[in-house]
A.B. asks: 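I am attaching a structure below and will ask some questions about it afterwards.
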Amino acid sequence: MKELVPDHQGMILVLMFIVGNTLVFPLGGLAGPDIWLAFLTATVLALPIILAMARVRSLMQGSTFFVGFERVLGKWPSRILAFLYGGFAWRLACYVVSDVSNFIQTVALPTTPPVVIATFLALLMLWAAKEGVEVLARFAVMVGKVVLAVLAIIFVLLLSQVDLGEFQPVLYNGFKPVLRGAFQILDFPFLETVVLFWVFDCFGRRVSPYKVFLPGFLAASLVLLIMVSTSLAVVGADRYALYYYPVWTAVGRINVSTFLTRLEAIVGVTFAIGSFVKMAVALLAASRCFAYAFGFSDYRFVVTPLAMGVIAGSRWFITTVLEVDQSAVETHSPDEIMFQVVIPLVVWAFAELKAKNGKANGSSQAGGGEEV
Amino acid sequence: MKRVNLVRLTILTLICVLLAGCWDYIEIETLEFVFGLGVDRVTPEYIVILEMVKTSGGGQHAQVEPKVLSTSSGSVSSGGAALSNVAGLRAFWPHAYVFLMSEQVAREGILDAVEYIARSRQVRGTVWVFVTKDCTVEEVFKSKPPVANSVSEHLNAISLMQENISGFIPLQVWELNQDLTKEGISPVLPTIRLVHERGELVPVVEGTAVLKGDRMVGWLDGHESDILCLLKGVFERGFFVINTEVGEHGRFPITYEIVGNQVDIKPLVKDGRPAAAIKLTMQFGVEEVGRAPINFRDMQQTDSVEAQLATHFKDRIRELLHKVQVEFNADVLGIGQLFRRKQPEAWRHFGSDWDVYFPDLPVELEVRCQVVLTGLSSAPLRVRD
Amino acid sequence: MFFWKHTKKGEPQPRGLDDISPSLRTNLHWLKEDIFVHDQTIAYRGFKTSDPHPRECVLIYADNMVKHEYLSQFVLRPMMRSSLPKHLRGEELAHYAAERILESDGAEFITRYSEIGDKLMDGVGVILIDGCPVAVVVDAQGWAKRAVTEPPSESVVRGPRQGFSEDLGVNISLVRLRLSSPNFKTRFLHVGTQSKTRVAILYLDNVTSMELVEEVERRIKAIDIDAVLDSGYIQELIQDSPYSPFPTIGQTERPDVVAAKVLEGRVAVLVDGSPFALTMPYLLVEAFQANEDYYNHWITATFHRLVRYISFFVTTATPAIYIALISYHPQLIPTNLVISISAARKNVPFPGIVEVIAMGLVFEILREGGVRLPRPIGQAISIVGAIVLGDAAVSASLVSAPMIIVVGLTGVAGFVVPSLNDLAVLIRLSLVLLAAALGLYGFVFGVIAFLLLLSSMESFGVPYLSTMTTLVPQDLKDTVVRVPWWQMVLRPRYLASKDRQRLQGQAGRTDR
């Protein structure tokens, strides 16, 4: 069963995956007023890995994902990798679910147990993951239009509150905080994009992976840069990192002639919808990886147990908003570097080698890849 | 297979809904809306005052009746909770308009009182903050504004109309938070006092409380607040009655209205010491000239008026600067912050000793005044017999 | 059947039980005692051709389904006044009669009893001639028909006022009038073991993708049901995502709409006896399009479309948002409003959620009560609903006034998008329940669920949200906006039409 996502829908899926869940958090707070620099640095640093992923997918063009992957790495290594990434994606799904449930608990429903919200989310993402990546991409476009429109409106309304002086002085504490902020942003959300690598089954053309990953990533980076900088300029560089949800706080200040006011709920709603895309993608990736790792061709039967696991996992990894902050904003664990940087680059190297050998030998394998 | 799952999913969701039990469900009519809150004393115990409104009357004739309750408690939030008990309804904070502190609280440090407001999910960042002068918070809440239903609504209306009322700088709690957090700026808060009006006490917002850190160090009156307003770049349509010399005819009181002001404060480093240059440009409209025989088509007369205005405001600004620099040593204009932003290297050097440098910070002052509007006529009514 | 059709002349087949016998007596016996036994609506008019060689004949028809004058004037009279030459034998008799005597415009030959049965119910006359094993069928359809009137369900201010009626032939002719091209094709099928309903598939040969036509035909052919009384049967039997409340097949009573859809590369299905044509594939955007959009100025049309989208949101979401706000997030309502809502609810004995559901139910009862009644009584019901239930309920503090506004707004907005109105109730109710459980976030979960449902749906292989999930400018030209005609150069991509060009370049406009 081939699931083919049109390029523009795939692009929006990438965009929503990166933007959705990140929106409200104090991204790059360590960089202080130099947050925009941190964003640019992170974008530049992330580009090679994004490009490497696109390149690998492009080299695999013609075969479905796992077939191509197996050809590059061999059967057992790719299964082991799939297993590891399945775990990584599943944990990501848990994180996102707990981000959302803790957010809702903090800002709106303090006495509702977060596990109830996690259950709702798990049921929905279970459904979404079962429908597959095509449906998910369509969903992402529908939702993406709404989310981007809301962000645009919020941006315009916030403009009157923006104090550009908050970005001064530039580099007061040197480049170190900028780098620290950039690594924060790289870790969450930029390089979490590796999960998306496992989600697309096949692409329309050889250039499609570039058309999906590159504009998607750059657009997401731009959207986040704008939103984050705006909210920093509104809440103040000194307070930005102290708030759990600076965008939420910033939007609370919008007041247009005492009528357009109290708009935070819009941010909350947008955040919940955007996050949903991310968690569904993560669950889908986890299911696909696990199903493949254990040698099943259809992943759908794994979805339900994994989704149920997410309910438990979301309460297990992170229990309160304090820890959300820790995990989302501060941690750099070695496993994240492994999953987000090292392995993608290694896979890329293997793929290049394979492609070169294939060309040199004129082997039927590579030739077979071209046809479809 | 797919259908069965859909059905299962729906059933599960339904069960979820039914089991969810609506933990945070409230009925809106059981809420008592807190419009204003205040703290009269922090030590030894907090005295918390709430102005709540009671709604009644059903659909067609909704009535709102304010009630003032006060209690003493260990903190602001626990005081609020205790007052729910007194009121018999749940105190609901997010619709609060104002937060008041007494002079005593301000002098002892506002952080104790304001911290809850800044942190709380319940109280919004857009609450107006005031300091009461020569009266307690409770007295203010119990006064009778002539038009509005409640004192809080009255104060909210005044704050929104600041542009037209002048004499104070309104401040929302999130701005206060920022000013408290930032380096090199001292917060200022508007003050409330009570005046007698036909036998009733009416709250009036006028003047400014100047803070250093989070402690109040002194007052500015309404006129000084107007000047502060201009220097902070806050627009207000203040009316100034200034005795203006009109040619050889002598001095006449003429009323001017500000229609625009631009301020530019430049931090400078002179001879290794910090300094500042303030450039203020103002546009005026002439509201009333009374008996002054002045014709604004006459450029000479206009120039002379503009020069007199500039001198007048220069003097007033000097007075204000002297007060905040020498008397209070409170950087209300945020010159320190500007240093940090525009001259970070200099700030690295002076920053830690800003308190020492600020009182005798040399300030170059340039004031330009322009008359741009004179109503519908250029000259006063001519009276002939 | 409107044309001459010659039965194939070949070697005489071995006679079976179903074959018409040359003997008139035997034939009548079979018909009266077996096929139409106890059926008194079938008339048998016996007569003889004139001298010199009178032959016994019978004209058979179903009472009230034929035009009696027509039969007597153009069938009976010529037959009785002329004579059949003596040398004619067997089939020749029938052919002679058809070619030389009968004055009706259609004549067909049939050789089986079962065919006689089928034909008679179409309102024809069947002539049996003694000695001839072939029956002549003459067209004389004349049952009661409704005139072509403006369809009540889709009236327009600007646009043609013709609507379909129950007669398939008339309906096809109404569409054909608008597409007088030889490329306009009609395929006929018969559905229903008892009803034998004629179903027509309409498409444009040079535009519509053949796979689509084949698929529609395949699905209709696969139907095995006793009777099809309305196109609704077919709709439900062949549509995709049958469990979803959203329609995946369009319906319309207007020939101009059918013509427009066919021109875009869709397939239309007309069913005999139903004034509702089906169009497929059907996408969600179509629910928000109206034929008037294309007749009015494009700016007006775009604005009206926007209103429709907003109305659909209002009708599905308002009660849920209201419940979420007053029960979970009173902090998000502007202060003045929250005070007046709170005051209005002071003496109401029911919790907000009960109020919403009860009032919603009352509205649906009033609507359902009024919908099938004659107009004057229907109005009485709305007056009772509005004044007695609405006003009095507020005065008696049974419901709060804001709730009446919410329910009223919801109801009125629902009528703006009529094709989705019925399912809007369902969406509304589920969203209200979710909002009552988790506030705005419950509402959002509901919205996510519905969006997922919509994303997963397809109609005849086309994703249900096609034009909404694309970023290709050409495909967005007829969605929320309706761009001017001169810019709609191409047909929609998702229909995979053979010929995508609609306008030849910018030929539509020369003045600029």
Side-chain angles (χ1 to χ4, degrees), chain A residues 5-9 11-13 100-101 103-105 107-110 112 116-117 119-121 123-132 134-146 215 252 255 258-266 268-277 279-280, chain C residues 241 244 283-285 309 313 317 320-321 324-325 327-338 433-458 461-476 479-480 493-494:
Chain A
V5 177
D7 291 356
H8 62 267
Q9 291 185 4
M11 186 199 105
I12 300 280
L13 188 62
V100 177
S101 50
F103 170 79
I104 292 175
Q105 187 188 24
V107 301
L109 311 174
T112 305
V116 172
I117 291 158
T119 311
F120 267 91
L121 287 169
L123 284 175
L124 284 171
M125 69 200 228
L126 179 159
W127 179 13
K130 283 209 174 195
E131 294 287 355
E134 270 183 75
V135 169
L136 209 50
R138 267 181 241 149
F139 175 80
V141 177
M142 282 304 279
V143 161
K145 286 183 182 177
V146 177
N255 188 354
T258 68
F259 167 69
L260 267 183
T261 170
R262 301 169 186 266
L263 299 177
E264 308 96 300
I266 293 182
V269 163
T270 316
F271 171 68
I273 294 182
S275 301
F276 178 75
V277 174
M279 63 182 84
Chain C
S241 313
S244 158
L283 309 182
L284 188 62
V285 273
Y309 281 100
F313 180 77
I321 292 179
L325 287 180
S327 310
Y328 283 90
H329 317 285
Q331 65 267 35
L332 301 177
I333 312 175
T335 308
N336 294 341
L337 190 58
V338 86
L433 286 178
L434 281 166
L438 289 176
L440 268 183
Y441 297 91
F443 169 74
V444 167
F445 295 156
V447 171
I448 290 178
F450 277 108
L451 281 180
L452 265 178
L453 176 65
L454 287 172
S455 308
S456 68
M457 282 169 63
E458 286 188 355
V462 180
Y464 197 47
L465 294 176
S466 279
T467 53
M468 294 183 174
T469 53
T470 183
L471 302 176
V472 184
Q474 176 63 34
D475 291 352
L476 288 169
T479 51
V480 181
R493 175 192 305 263
Y494 53 86

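In what follows, chains carry the letters A, B, and so on, assigned in the order in which the sequence lines appear, proteins first and then strands, with residues in each chain numbered from 1.
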A.B. asks: For C:Met468 versus A:Val141, what's the shortest heavy-atom pair and its separation?
C.D. replies: O-CG1, 4.2 Å
A.B. asks: Identify which part of C:Ile333 has an atom lying under 4.5 Å from any heavy atom of chain A, answering side chain, backbone, both or neither.
C.D. replies: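 Backbone of C:Ile333 only, per the 4.5 Å heavy-atom cut-off to chain A.
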A.B. asks: Using non-hydrogen atoms and a 4.5 Å limit, figure out which bit of A:Leu263 sits close to chain C: side chain, backbone, both or neither.
C.D. replies: neither
A.B. asks: Minimum heavy-atom separation for A:Ala108 and C:Tyr441, please, with both atom names.
C.D. replies: CB-CE1, 3.6 Å
A.B. asks: Do the non-hydrogen side-chain atoms of A:Arg138 and C:Pro463 ever get within less than 4.5 Å of each other?
C.D. replies: yes
A.B. asks: Given a strict heavy-atom distance threshold of 4.5 Å, which part of A:Phe103 is in contact with chain C: side chain, backbone, both, or neither?
C.D. replies: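 Only the side chain of A:Phe103 comes within 4.5 Å of chain C.
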A.B. asks: Using heavy-atom distances under 4.5 Å, tell me whether A:Leu109 contacts chain C through its side chain, its backbone, both, or neither.
C.D. replies: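 Just its side chain gets close to chain C.
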A.B. asks: I want to check something: taking the side chain as every heavy atom from C-beta on, are C:Leu465 and A:Met142 in contact at a cut-off of under 4.5 Å?
C.D. replies: yes
A.B. asks: Between A:Ile104, A:Val269, A:Val100, which has the largest tally of heavy atom pairs under 4.5 Å with chain C?
C.D. replies: A:Ile104
A.B. asks: Which one wins on heavy-atom pair count under 4.5 Å against chain A: C:Leu440, C:Leu454, C:Val444, C:Leu452?
C.D. replies: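 Highest number of heavy-atom pairs under 4.5 Å: C:Leu452.
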A.B. asks: So which part of A:Phe139 gets closer than 4.5 Å to some heavy atom of chain C, the side chain, the backbone, both or neither?
C.D. replies: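 Both parts, backbone and side chain.
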A.B. asks: Where do A:Leu124 and C:Phe445 come nearest, in terms of heavy atoms and distance?
C.D. replies: CD1-O, 3.6 Å
A.B. asks: To the nearest 0.5 Å, what is the distance between CD1 on C:Ile448 and CZ on A:Phe120?
C.D. replies: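 Those atoms lie 11.5 Å apart.
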